[in-house]
Amino acid sequence: MTPIAQSTTSMRTRGVALARQMDWFRGLRAAVALCAPLVLGDLVGIPNLGWAALGGFEAILADTGGPYKSRLSSLATLSIGGAAGLFLGCIAGRSLFWALPVTVAFCFLWSYLAVLGQPFSSAGILVQVIYICGIGAPAASWRDALGWALMVFSGGLWAALLSLFLWPLDAYRPARAAVGECYNELASFLGSVADLAGRQQFEQGRPNPALWHRLAKHHQYRIRRAVERAWQAVASVHAERQADSSRGRQLVVLLEHADLLIARTVALAEHLEAQFATENTPCSDRGLACLADLRSAESWVASLLMRRRKQTVAHARAKRGEMECLPAYLESCIAQGDPASRFMLAQITVAASLLESAIESAALLRLGDGSKIDGSGIDANYSVGHFGSVYERIGQLRQGFNLDLLGANFTRKSLTLRHASRVALVCGLDVALILLFHIDHGYWILLTSLIVLQPHVSGTLRRGLERIGGTVGGGILAALLAVTLHSQLATAAVLFPLVILSLAIMPVSYAAFAFFLTPAFVLAWLPYSGDWKLALVRTLNTIAGAVISVAAMIFLFPVYERDRAPQFLRASLAADRRYLAQLAEAWTTRSRSSRLLANARRATGLAHNDTEESLERLLAESWPRRLPFAQFATAFVTYLRRFAQSVTTLATLDEEWAWKQSVAVQSRLELLDRRLAWLEEQTGRAAKAQSSSIWPEPGVLDMHPPVPSQEHPGERQLERLERQTEILRRQLASLREHGWLPGIPGA
């Protein structure tokens, strides 16, 4: 294949991948919501339907998907809040005397309400956008303002009708899709594990630790996030009257099994990384084939939950049959004295059993009661009592607003309070500048400042650059289009694809979203055909608003991630320590309950996700001279997750009670606990502070394992945990040497 052909194929592949990531249905809804009122107003001569178009478009932006109840609450909040905001903006925008205090109070209120979560977190900023549009178009009387506000409200109702009622209503569809996404992520994780293990086997045992680290970070982050979203979705549709329904139970079973499959997949990843790095057993090829079958089953469950695509009972029965045969297929080549392969067999056996149950639950949920494959029935095996802790957690997730958060976050240290205060002051300053100097279309300065401002310095800088870049490019496109358009219908015809592209590409790139949104808004607000100068005005005002936001982020209550990162690092270390302690307790008491360990694993995963997000913000706000710090900080955070991954592998080790309760093993677990405690203490110390404790070293018992490490998977994982704590200690020392320990000013 020629280089040109290879380049063309690569571009085509990337284009297809990008198109699959885009949310085309949301873009289509937004285009219909915006353009339908404009076309209707032009055809029947109804004035001011542009406000209805604005309300419909903003409502689609507020509708982020998910369960219908939460979507409806977001749409209602946007419609009511937007109508009230437009009314206030149109009245207050006539004079600086009223505009300044009303803007400060309104923007502070809606920014601070985000502390309550949904629907305020998604609708709050959009309500402020509509208020700012009112400031930019002051009404001559309160009657005009009220009429425009009702138009915005009707646009919100139109968007709700479009989003919720013109598509088939199925209360369980969002929850099914969320649970299906968990199985998609599991299949992706398992596929990456198998591919990397196969490559390592082909290269004859030359491992690449960096690839395994990247795999652990990428997939475990995505899986944990997908599972948490699925819990929220299931909780939203799991009303009291549905608690005993068959479909409700199947969703709970599927989600619980997805959570349990995470541990088995992590254990398989750890095992394959260590196994193929040392030797290739006769069962290696069969093991990889089993992983392919497990991945196929997970993808099948996801497909059935999300699309169905003519699946039948026969397909479900065939998939269950494949899972039933997997353990025997692998066991037939394993020798009695091969504990490593026995460990892999145990993980595949449990994973196959979980997937058998998941296939049956998915079939019962999507194909009806007639799809039962055996006489036992899922309802008998998995009752409400069996999943008591799961239902308790669902009840906690379904609780309403916690109004105590309003008071608890009203402190100087609160990130939300600082952000709300900053937004209020910046918007107040923008209003004063706009009205004092009579800036043409000055409300675009206000809009940009509001949108660019983020709670963190790094987020504001990134959003400012994306906003400026996208708006400048979009402004040039708008100027070219404005010269060629000479009617409202022609403008609407151009707006339609622009709006589709803007909303569809927003999950992929905010800069691209701004690029397509700028000409859409410029064309929608053209005072007359051919007015290309409006695009230049919007571009200049956008740049001014972004500059004001960045300056405010630096000088008004700045929140630097270097001051907050130690909290996340200590939280991750504490979560790892609790997870290890829970494992030690389970081994000491011979507990066979997986629920406590699963809860500890979940808490650890969430803590590591938060820490990795904090690290990304920390690196984004760092200057180039801090690059050595980035290297060591990234390694430190990576090995925090790898430590939890090794604990998960130990937790999946079945039986072996004599080894687990031996004095040597318990002593080594205690040593690991003391090391984590030491690291947690040292992370919070100042750079030049002297430590009052020394690094815990192994004792006599720790240095004499009862079973040779090369013959026991548990010993192999314990050795790995000990090496990982040593690496964490070295990375912490490197951070101090470079003067960039998070939270400590640089030397």
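Only heavy atoms go into these numbers, but all of them, side chains included; no hydrogens, no water, no symmetry mates. Start at 1 with the first residue, then count along the sequence.
Under the 4.0 Å criterion applied to side-chain N and carboxylate O atoms, R720 and E270 are assigned as salt-bridge partners. Salt-bridge formation is not detected for the pair R716/E719: no Lys NZ or Arg NE/NH1/NH2 atom is positioned less than 4.0 Å from an Asp or Glu carboxylate oxygen. Residues R225 and E613 are not paired through a salt bridge, judged by the lack of any N-O separation under 4.0 Å between the basic side chain and the carboxylate. Taking the charged nitrogens against the carboxylate oxygens, R570 and E680 have no contact shorter than 4.0 Å, which rules out a salt bridge. Ion pairing between a basic and an acidic side chain is recognised when a charged N comes within 4.0 Å of a carboxylate O; R602 and D259 show no such pairing.
Under the side-chain contact (heavy atoms from CB on, under 4.5 Å) test applied with L446, the options V129, V431, I548 reduce to a single match, V431. Test R641, Q220, R224 against N609 for side-chain hydrogen bond (donor to acceptor under 3.5 Å, both in side chains) and you get one pass: R641.
Put simply, the side chain of R418 does not reach to within 4.5 Å of the side chain of L556, judged on heavy atoms. Taking the side chain as every heavy atom from C-beta outward, V115 and F410 never approach each other to under 4.5 Å. Using a 4.5 Å heavy-atom cutoff, the side chains of V127 and F106 are in contact. Side-chain contact between Y579 and L597 is present, with heavy atoms from C-beta onward closer than 4.5 Å. Residues H456 and L415 form a side-chain contact, since some pair of their non-hydrogen atoms from C-beta on lies under 4.5 Å apart. With a 4.5 Å cut-off on side-chain heavy atoms, F189 and L215 count as touching. F568 is listed as a side-chain neighbour of E561, based on a closest heavy-atom distance under 4.5 Å. Side-chain contact between Q118 and S74: present, with at least one pair of heavy atoms (C-beta onward) separated by less than 4.5 Å.
A distance of 11.0 Å separates OH of Y221 from OG1 of T611, quoted to the nearest 0.5 Å. Atoms CG and CG, on L261 and L268 in that order, are 10.0 Å from each other to the nearest 0.5 Å. Between the OG1 atom of T638 and the CD1 atom of I727 there is a distance of 10.5 Å, given to the nearest 0.5 Å. Going from atom CZ of F636 over to atom CD of Q731 covers 8.5 Å, rounded to the nearest 0.5 Å. From R564, atom CZ reaches atom NZ of K413 across 12.5 Å, with rounding to the nearest 0.5 Å. To the nearest 0.5 Å, atom CG of residue L580 and atom CZ of residue R675 are 12.0 Å apart.
One N or O on the side chain of S122 and one on the backbone of P119 form a donor-acceptor pair closer than 3.5 Å. The main-chain N or O of R642 is found under 3.5 Å from a side-chain atom of S646 such that the two form a donor-acceptor pair. Of the possible donor and acceptor atoms, one in the side chain of Y131 sits under 3.5 Å from a partner among the backbone N and O of T103. With S111 contributing its side chain and C107 its backbone, the two residues share a donor-acceptor pair below 3.5 Å. Proximity of a side-chain donor or acceptor of S414 to a complementary backbone N or O of N409 within less than 3.5 Å is detected. S549 places a side-chain N or O within donor-acceptor distance of the main-chain N or O of S449, the cut-off being under 3.5 Å. One N or O on the side chain of R26 and one on the backbone of L61 form a donor-acceptor pair closer than 3.5 Å. In terms of modelled atom types and a separation under 3.5 Å, the side chain of S192 and the main chain of S188 share a donor-acceptor contact. Here the side chain of E298 pairs a donor or acceptor atom with the backbone of A187 at under 3.5 angstrom. Within the 3.5 Å criterion, the main-chain N or O of E722 finds a donor-acceptor partner in the side chain of T725.
Note on ring orientation: taking the six-membered ring where Trp is involved, the planes of F108 and Y112 are parallel (angle under 30°, cut-offs 30° and 60°). Ring pair H213/Y639 is perpendicular by interplanar angle, where above 60° counts as perpendicular and below 30° as parallel.
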Point to revise | Audit row: D576, T604, side chain to side chain contact (heavy atoms under 4.5 Å, CB included) steps and yes/no | key: CA-CA 6 Å; D576 279 352; T604 304; 3.1 Å; yes
Practice item. Apply the test side chain to side chain contact (heavy atoms under 4.5 Å, CB included) to residues T649 and H271: give CA-CA distance (whole Å), side-chain angles for both, the deciding distance (0.1 Å), then the verdict. Key: CA-CA 8 Å; T649 305; H271 171 77; 5.7 Å; no
Practice item. Would you check, one step at a time, whether the test salt bridge (charged side-chain N to carboxylate O under 4.0 Å, His left out) holds for R723 with E726? Key: CA-CA 5 Å; R723 289 197 304 270; E726 289 283 357; over 6 Å; no
Review point. Are L718 and L672 close enough, and set up right, to give a side chain to side chain contact (heavy atoms under 4.5 Å, CB included), and what steps lead you there?
Key: CA-CA 9 Å; L718 280 178; L672 291 170; 4.3 Å; yes
Review point. Stepwise, does the side chain to side chain contact (heavy atoms under 4.5 Å, CB included) test hold for T411 with L417?
Key: CA-CA 7 Å; T411 65; L417 180 63; 5.6 Å; no
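In terms of heavy-atom proximity, L669 sits nearest to A584 at CD1-CB, 4.0 Å. Y183 and A302 make their closest contact through CB-CB, 3.9 Å (heavy atoms, listed as atom of the first residue, atom of the second, distance). The two residues L503 and G27 come nearest to each other via the heavy atoms CB-CA, 3.6 Å. Minimum interatomic distance between C182 and A258 (heavy atoms only, all atoms of both residues): CB-CB, 4.2 Å. Residues A30 and I60 come closest through the heavy atom pair CB-CG2, 3.7 Å. The heavy-atom pair separating G428 from V104 by the smallest distance is CA-CG2, 3.9 Å.
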